[in-house]
Amino acid sequence: MTRGIELALDVINAGGGVAGRPLELVSRDDESNPGTGLVAACELVQREEVAALIGGLDTPVSMTIVPFTPDDQDALGPQDGFVAPRG
């Protein structure tokens, strides 16, 4: 799944990115654990300021992350990575 996301980002970035900005994959391992997944999602949203969350692979992790997602945040899944604009 990660490789698929990387390939998609390569295509998007080769075409000029989104609104002229390239995208970058920023990922965290949720260890298939809802608590770990929530901590990772909080870190990515608050510290890394990602534009979109893509994760987690397991339903219990996804169910923990989705309610946390801010209203202006995209949540996509199930996947195992997170996408953020570069720069």
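Along the sequence shown, residues are numbered consecutively beginning with 1.
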- Task: Using the test side chain to side chain contact (heavy atoms under 4.5 Å, CB included), find all partners of V18 that sit at least two apart in sequence or belong to another chain.
- Result: I12, L23
- Indicate the atoms forming the closest heavy-atom contact of I5 with L25, along with that distance. CG2-CD1, 3.8 Å
For residues 32-43, which side-chain N or O atoms pair as donor and acceptor with protein atoms under 3.5 Å away, sequence neighbours left out?
unit_1 : atom_1 : unit_2 : atom_2 : d
S32    : OG     : D58    : OD2    : 2.6
N33    : OD1    : G35    : N      : 2.8
N33    : OD1    : T36    : N      : 3.0
E43    : OE1    : R47    : NH2    : 3.2
E43    : OE2    : R28    : NE     : 2.9
E43    : OE2    : R28    : NH2    : 3.0
E43    : OE2    : R47    : NH2    : 2.8

- Message: Per the salt bridge (charged side-chain N to carboxylate O under 4.0 Å, His left out) rule, what does the pair list look like for residues 5-18, sequence neighbours excluded?
- Response: R3-E6
- Separation between CG of L44 and CD of E49, rounded to the nearest 0.5 Å: 11.5 Å
